[in-house]
Structures are given as structure tokens and as C-alpha cells.
Amino acid sequence: MNPLALTIFLLSLAIGTTITLSSYHWLLAWVGLEINTLAIIPLMTKIPHPRAIEAATKYFLTQAAASALLLFSSLINAWQTGEWNIDSISHLPMNALSIALMMKLGLAPLHFWMPEVLQGISLSTGLILSTWQKIAPMALLLQTSHLINLDLTIILGLTSILVGGWGGIGQTQLRKIMAFSSIGHLGWMIVVLKFNPSLTLFNFIFYVIMTASMFFSLMTISATKMSEISTSWSKTPTLTTSTLLILLSLAGLPPLTGFAPKLLISLELVKQNATLLTALIMLASLLALFFYLRLTYVVSLTLPPNSPNSLSSWRTSTKTLSITAIVNTLALILLPITPTLLIFL
């Protein structure tokens with residue numbers, strides 16, 4: 001892609017998110033979301049392949065439907081209350097608006113576009129879609145968290161954790177696995193959204209760091225399938241080891257970064273007397289734990305044919321970027337500074 005065109009699209013992504021984050025008016029928030037959607041579509045189709053075109057079409061149709069529902073909800077609210085402020089929204093439009101934002105995020109049962117779109121695009125665009133594109137809708141949900149319907153968040157959150165685990169079990173394509181992983185993590189965030197929005201923001205920050213580090217690792221070793229990740233050990237043992245630990249961090253195992261959000265959300269739900277809900281989401285997340293552990297098994301305990309076991313060349317790939325190393329480190333050792341981060345939130 002032409003560097004000038006790429007710069008314009010990336011700047012448009014940044015501007016769209018910034019407009020939504022800084023808006024106090026539903027129409028401005030909608031404009032920011034639209035700029036975001038339109039800016040990423042050329043990035044999806046930079047490789048002219050039928051799968052990429054299909055992915056971009058599916059993404060555009062679902063995002064357009066969600067944007068239309070969001071605009072319709074805010075219009076109904078303006079008609080009822082006479083205000084366009086994000087804070088002042090009545091009951092009925094709020095439910096429709098929440099569903100529109102959750103559709104943009106890819107929460108179950110509005111998730112069907114997410115694995116298909118992520119599978120059809122490159123890893124670099126998949127990184128943007130899984131992290132940056134979720135900032136604006138999540139910010140709007142956090143701003144309206146005190147008005148959101150509790151039953152809606154619990155049902156969609158629990159469904160997302162179940163679908164995220166169940167859908168990922170049968171996958172061999174790493175991008176689809178990351179899509180279902182994203183759905184599961186968003187489920188954890190939405191479950192606690194009404195009870196404690198700060199925890200949702202905390203979980204979202206950690207999710208972005210861990211997902212970005214996983215995508216950077218996959219980009220560095222050029223792996224999109226399980227069979228490709230299983231042959232990476234003899235080529236880049238150092239990076240493969242960190243990828244293995246990132247997978248365990250995504251699974252939420254202590255003492256890695258991913259353990260902190262799950263622990264704090266579980267404690268918050270127990271504090272709110274939602275013990276049964278806590279038990280259900282913890283049991284549902286065992287499904288996701290299964291496919292993360294299966295991936296770590298593929299990474300660490302399988303060797304490709306004709307590769308020497310003891311004489312593996314212990315070197316880091318020349319393509320390993322410094323940003324990969326930084327993000328990987330954050331994805332693994334942020335647990336000890338969790339209390340400090342919570343003070344700021």
C-alpha cells in the first residue's frame with residue numbers, strides 16, 4: 001500500500017477514536033465511530049484477495065447496521081428528552097443503544113461477524129481490529145454504565161464467555177482462536193460493567209496489552225495456523241517461549257498479568273452477592289482455558305520432523321521488533337503493580 005494512503009488511513013483511525021472519546025453529543029460520537037469504520041476497510045482490502053474482500057464486506061454491513069441502530073436510538077432519545085447529551089438518555093433507547101455498541105464490540109450473540117472477518121484479514125489489520133477498534137464503543141459503554149440494563153449485561157456477558165470458550169475449542173486457525181478469545185474477554189468486562197466500571201476499564205487495558213503482544217508475536221514468527229506455530233520452536237526458541245507464556249496469561253493463570261482482572265472481577269461479583277454468577281463464569285472460562293492449554297502444548301511439546309532436539313539454535317529472529325519485546329514483557333509481569341494501576345483508575 002502507498003505510504004501516504006496508509007498514513008491517511010491510520011490518522012483517520014486515530015481521529016475517529018479521538019472524536020468519540022472527546023464527544024459529549026451523540027451525533028459527534030456517531031461521526032467518530034463512522035470515521036473509524038470507513039478508515040479500516042481499505043486496510044482490510046490492502047491484500048486483494050477474495051477472502052479479504054468478503055471480510056471487509058461483512059465488517060462494513062454489521063458496523064453499518066450497528067451505527068444505524070445507534071443513530072436511531074439517539075434520535076428517539078432526543079425526541080423524548082429534547083437532549084443529545086451522552087449522559088441524559090431514557091430507558092428504552094438505552095437498551096437499543098447498548099445492543100448497538102455491543103454489536104460493534106462483537107459480543108455474543110452478536111458476534112458472528114468477528115471470527116469470519118478476523119480470519120479473512122492480515123495479522124496487522126487483525127491487531128487493529130482486536131484492540132484499537134474496540135476503544136471507542138467501550139468508552140461509550142463506560143460513559144453510560146450507570147444507565148445500562150443489568151440483566152442485559154449479565155446475559156450477554158455470560159453468553160460471550162460461553163461462546164468464546166466453546167467456539168475456540170474446535171479451531172486450528174490462530175486468527176479465529178484470537179477472535180473467540182476476544183469475545184470471551186469482552187464477556188468478563190461486560191459482566192462487571194454495571195457493578196464497577198473501573199474494573200471494566202482495568203480489564204480492557206490488560207486485554208489490549210495481552211492481545212497486542214500475542215498478535216505481535218504471531219506477526220514476528222509469521223504464523224496463522226497451529227501447524228505453523230508448532231514449527232517455530234527450532235527457529236526462534238526465545239520468542240516461542242514468550243508466546244507460550246502470553247497464552248497462559250490470556251488464560252488467566254497466576255502469576256501472570258491475565259490473572260489480575262479475573263481475580264478482581266470474581267471478588268467484586270462475590271462482594272455484590274452474585275456468587276452463582278461468579279461460579280458460572282469461572283466454569284465457563286474453563287472452556288477457554290482448554291484451548292489455550294492445547295495451544296501451549298502445540299507450541300512447547302511438539303517438534304517438527306527432521307529438526308534436532310538437542311542442537312536447536314538458540315537465537316532470536318532478526319525480525320523480532322523491540323516493540324514486541326516491550327509488549328510481551330508487559331503482558332507477563334504487570335500483576336505485581338496491579339494495586340498501583342487500580343489507584344489511578
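Fair warning: this is a prediction, and the values are worked out from it, not measured in the lab. Atoms considered below: every heavy atom in the structure, side chains included; atoms not considered: hydrogens, waters and symmetry mates.
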**Report entry** Result of checking Ile41, Thr45, Val117, Leu43 against Thr125 for side-chain contact (heavy atoms from CB on, under 4.5 Å)
**Finding:** Leu43
Report task. Check Arg175, Met178, Gln171 against Gln119 for a side-chain contact (heavy atoms from CB on, under 4.5 Å) and give me the one that passes. Result ->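 Filter result, single survivor: Arg175.
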Is there a path of hydrophobic side-chain contacts, each under 4.5 Å between heavy atoms, that joins [X] and [Y]?
X      : Y      : result
Phe216 : Ile333 : yes
Leu129 : Leu6   : yes
Phe112 : Leu110 : no
Leu11  : Ile19  : no
Phe72  : Leu70  : no

May I ask you to test the [X]-[Y] pair for a side-chain heavy-atom distance under 4.5 Å?
X      : Y      : answer
Leu105 : Leu141 : yes
Ile209 : Ile205 : yes
Met103 : Leu69  : no
Leu127 : Thr211 : no
Ile121 : Leu118 : yes
Thr20  : Gln143 : no
Thr153 : Met102 : yes
Ser122 : Ile47  : yes

How far apart are the closest heavy atoms of [X] and [Y], and which atoms are they?
X      : Y      : result
Leu244 : Ser300 : CD1-CB, 3.0 Å
Leu245 : Leu256 : O-CD1, 3.4 Å
Met94  : Ile89  : SD-CG2, 3.5 Å
Gly187 : Leu107 : N-CD2, 3.8 Å
Lys134 : Ser182 : CE-OG, 3.4 Å
Met189 : Thr200 : O-OG1, 3.0 Å

Query raised in the report: In the hydrophobic clustering (ILVMFWY, side-chain contacts below 4.5 Å, transitive), which residues join Ile8, or is it alone?
Result: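 Its cluster partners, ordered by chain and number, are Leu4.
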**Report entry** Partners passing salt bridge (Lys or Arg N to Asp or Glu O under 4.0 Å) against Glu116 (at least two apart in sequence or in another chain)
**Finding:** Lys58, Lys176
Query - Non-neighbouring partners of Glu34 that pass salt bridge (Lys or Arg N to Asp or Glu O under 4.0 Å), sequence neighbours left out - result: none
Query raised in the report: Could you give all pairs that pass the ring-ring contact (aromatic ring centres under 6.0 Å, His included) test and reach residues 156-197, with sequence neighbours left out?
Result: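 For residues 156-197: His185-Tyr207.
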Requested in this report: For residues 12-42, pull every pair meeting ring-ring contact (aromatic ring centres under 6.0 Å, His included), keeping only residues two or more places apart or in separate chains.
Outcome: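 Output for this query lists His25-Trp84.
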Query raised in the report: Can Ser249 and Phe206 be said to form a side-chain contact (heavy atoms from CB on, under 4.5 Å), step by step?
Result: CA-CA 10 Å; Ser249 183; Phe206 275 28; over 6 Å; no
Give the table of side-chain donor-acceptor pairs shorter than 3.5 Å for residues 275-290, with sequence neighbours excluded, one pair per line with atom names and distance.
| unit_1 | atom_1 | unit_2 | atom_2 | d |
| --- | --- | --- | --- | --- |
| Thr278 | OG1 | Ala274 | O | 2.7 |
| Ser285 | OG | Ile281 | O | 3.3 |
| Ser285 | OG | Met282 | O | 2.8 |

[X] side chain to [Y] main-chain N or O, any donor-acceptor pair under 3.5 Å?
X      : Y      : value
Thr62  : Tyr59  : yes
Ser160 : Leu186 : no
Ser67  : Ala64  : no
Trp113 : Gln63  : no
Glu228 : Thr224 : yes
Lys225 : Thr172 : no

From [atom1] ([X]) to [atom2] ([Y]), nearest 0.5 Å:
X      : Y      : atom1 : atom2 : answer
Leu140 : Ser23  : CG    : OG    : 6.0 Å
Phe291 : Ile177 : CZ    : CD1   : 6.5 Å
Ile86  : Ser74  : CD1   : OG    : 9.5 Å
Ile128 : Ile40  : CD1   : CD1   : 5.5 Å
Lys262 : Leu253 : NZ    : CG    : 9.0 Å
Glu268 : Asn196 : CD    : CG    : 4.5 Å

Requested in this report: Determine, step by step, whether Thr7 and Leu10 satisfy the side-chain contact (heavy atoms from CB on, under 4.5 Å) criterion, reporting the C-alpha distance in whole Å, the side-chain angles of both residues, the deciding distance to 0.1 Å, and the verdict.
Outcome: CA-CA 5 Å; Thr7 307; Leu10 291 175; 6.0 Å; no
Report task. Test side-chain contact (heavy atoms from CB on, under 4.5 Å) on Ile246 and Ser217 and set out the steps. Result -> CA-CA 9 Å; Ile246 291 160; Ser217 298; 3.8 Å; yes
Query - CA sep, side-chain torsions, deciding dist, call: Leu38, Ser12, side-chain contact (heavy atoms from CB on, under 4.5 Å) - result: CA-CA 9 Å; Leu38 294 173; Ser12 300; over 6 Å; no
